[in-house]
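For ligands, and for the atoms within them, numbers begin at 1 and follow the listed sequence. What you see is a predicted model, and the numbers here were worked out from it, not measured in a lab.
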Amino acid sequence: MKPQNNIVEYTLEASEFNWEIKPGKTIAAWGFNNQVPGPLLKAKQGDTLVVKVVNNLPEPTLIHWHGIRLPATMDGTGEVQQPIQPGEHFEYRFEVPDAGTFWYHSHQNETVQMERGMYGGIVVAADNDPIVDNDRLFMIDDMKLTNENAFKKHGAIGRWIERHDGREGSTCLLNGKEAAILHMNAGQVERWRFVNAASARYFLLSLGGKPFRMIATDGGLLEKARTETELLITPGERFDIVVGPFEEGTIINIETLPYNRTTFLKAKKQQYATIHVTAEKPSKAFIPEQLNWIESLAPQDAIANRQVKMSVAPSLKRGIDFLVNDEMHCNDEPVMVGDLQVWEVSNTSMMDHPFHLHGFFFQVLEENGKVPAYKAWKDTYNLKPKSTIKIAWMPDNRPGRWMYHCHILEHHAAGMMAHFEVV
Ligand code: C2O
Ligand code: CU
């Protein structure tokens, strides 16, 4: 039976406003409906989302619906849409065919607009979602601020480093708050959905060493839960975990461990929030053994029909160039609807790059010749230095202009992206 198709309407008003990150620390944020992150959009699988975006910013904007398989014209990039000018609005309308954790963010002047807070979460519920006592979305971000809490601007060397590393700041935010203290009840089991909305920070999630169960990623539920104590969430990626039950009085630190991605500035362990476990409550949670069934898209030895190379090169003019197939803002070959795509995506540089494909999910068939430890639908996948992944994806019948790019925003802006046509 086809799920009932409801229409879910939202209005997102983009503007500049004062946002209190913690008592006494207020920034001039840009965001939606005067909050960072913007409102959480909720729908059920199969619903139609209608989102009116009103632009009251001093500059044009565009909104991208990261991870949603929508028509090309609704993808919110400069490839398919005129930017929404100050004082104007645009109505996005699309069905949400998949359940899971998604997000929306500015896709115009991203290094400024996203840094200032132009993002929010989307949760699409499914009938087969595991039963939990509480379901929360945690958007991870960091900001680089001056002592006066203004967004920091750099001189030549600082700009060069930021272009190379991407922008990382020491103000660490979980749902727009620094050093937040949250509560959960003892005896309960919760689903925590993590979205890495940072410009460049690699978030190596740790709950102070306590184990948790990872149950979903970009494209929804995994087949089986995987018990972990650490989880790398790169910019753009999502992972859902299940935590608990804990005993009353337990304190859980949500922190990132240092991840060395060959940057100039050394990675540090950083604390994002603290969860206090308070009075015990009964649990109705049920996490089934088999969460989902993920059909394999292609055999692992399928022959690649496209090579994508992500690289960096020194440049006299710009210091360093970020390239796809040796080009800035590469214009890649068209893809035919219904032709299974097997791509070999390689990173020849000494840095990490999170590869993001718009509008479609892919499966990783191989990473450096090895089959991944589990099956998953992804739209963002980290390429370690000098590594190659083989991915498969199906261009279903949604013709138009699409793109893929590195989700470190400064690398994307510097040219590490490609657009192509699905025909
Ligand atoms: Cu979240 Cu073009 O990206
Ligand atoms: Cu990159």
Side-chain angles (χ1 to χ4, degrees), residues 37-38 61-70 72 74-81 83 100-111 113-115 118-122 139-141 161-168 195-202 218-219 233-238 259 261-264 308-313 320-325 328-330 332 345-362 378-387 389 400-420:
T61 194
L62 284 170
I63 309 304
H64 170 55
W65 313 91
H66 185 128
I68 309 254
R69 293 191 298 141
L70 38 60
M74 292 290 133
D75 195 39
T77 67
E79 296 293 312
V80 295
Q81 186 191 345
T101 306
F102 308 99
W103 62 304
Y104 58 95
H105 64 77
S106 160
H107 216 278
Q108 175 86 1
N109 193 15
E110 285 169 15
T111 54
Q113 295 192 3
M114 283 180 69
E115 169 72 357
M118 296 270 293
Y119 60 79
I122 307 173
M139 299 198 81
I140 295 299
D141 190 10
I161 291 180
E162 200 164 282
R163 184 181 168 89
H164 181 281
D165 288 1
R167 185 177 172 103
E168 277 191 32
V195 179
N196 186 343
S199 306
R201 179 182 297 276
Y202 276 45
D218 304 347
I233 312 177
T234 67
E237 269 188 306
R238 286 89 66 212
Y259 175 81
R261 58 180 183 95
T262 14
T263 48
F264 286 95
V308 173
K309 184 172 97 180
M310 299 171 90
S311 63
V312 301
I320 181 167
D321 274 347
F322 289 83
L323 309 166
V324 167
N325 298 338
M328 290 168 72
H329 308 281
C330 165
D332 207 349
V345 185
S346 58
N347 169 16
T348 65
S349 76
M350 291 305 295
M351 321 166 184
D352 288 67
H353 301 287
F355 168 86
H356 170 46
L357 175 65
H358 276 222
F360 301 86
F361 292 121
F362 55 83
K378 297 292 290 173
D379 56 55
T380 308
Y381 193 88
N382 187 52
L383 276 123
K384 295 192 185 81
K386 303 271 176 211
S387 70
I389 56 173
R401 305 279 297 162
W402 297 100
M403 63 166 70
Y404 57 87
H405 59 83
C406 173
H407 217 288
I408 291 178
L409 303 181
E410 288 71 19
H411 294 176
H412 178 197
M416 192 174 262
M417 64 88 68
H419 45 89
F420 64 98

Option from I233, N196, T101 for which side chain to side chain contact (heavy atoms under 4.5 Å, CB included) with R238 holds: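 Answer to the side chain to side chain contact (heavy atoms under 4.5 Å, CB included) test with R238 among I233, N196, T101: T101.
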Within 2.8 Å of the Cu ion (ligand 2), is there any N, O or S atom belonging to H412?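 Coordinating: no.
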Could you tell me whether any N, O or S atom belonging to H407 is less than 2.8 Å from the Cu ion (ligand 2)?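 So H407 does not bind the Cu ion (ligand 2) by this criterion.
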Which atom name does H353 have for its N/O/S atom nearest to the Cu ion (ligand 2)?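 For H353, the N/O/S atom sitting closest to the Cu ion (ligand 2) is ND1.
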Name whichever N, O or S atom of H411 ends up nearest to the Cu ion (ligand 2).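 The nearest such atom is ND1.
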Taking the six-membered ring for Trp, is the centroid-to-centroid distance between H407 and W103 below 6.0 Å?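 Ring centroids of H407 and W103 are less than 6.0 Å from each other.
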Would you call D165-R261 a salt bridge at under 4.0 Å N-O?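 The answer is no: the pair does not qualify as a salt bridge.
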Please name the atom of H66, limited to N, O or S, that comes nearest to atom 1 (Cu) of ligand 1.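 Result: ND1.
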Where the side chain of E410 meets the backbone of E162, is there a donor-acceptor pair that is under 3.5 Å apart?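 No.
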Of all the atoms in H412, is at least one N, O or S atom closer to atom 2 (Cu) of ligand 1 than 2.8 Å?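 So H412 does not bind atom 2 (Cu) of ligand 1 by this criterion.
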Side chains of H405 and H358: donor-acceptor distance under 3.5 Å anywhere?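 The answer is yes; a qualifying pair exists.
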Test item: side-chain donor near acceptor, H66 and T380, under 3.5 Å: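 Yes, side-chain donor-acceptor contact under 3.5 Å.
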Between H107 and atom 1 (Cu) of ligand 1, is there a contact where an N/O/S atom of the residue lies under 2.8 Å from the metal?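 Checking H107: none of its N, O or S atoms is under 2.8 Å.
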Could you confirm whether H105 has any N/O/S atom lying under 2.8 Å from atom 1 (Cu) of ligand 1?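 Here the distance criterion (N, O or S atom, under 2.8 Å) is met by H105, so yes.
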Evaluate the side-chain proximity of Y404 to F362: yes if any heavy-atom separation is below 4.5 Å, no if none is.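 They are not in side-chain contact.
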In H405, which N, O or S atom comes closest to atom 2 (Cu) of ligand 1?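 Result: NE2.
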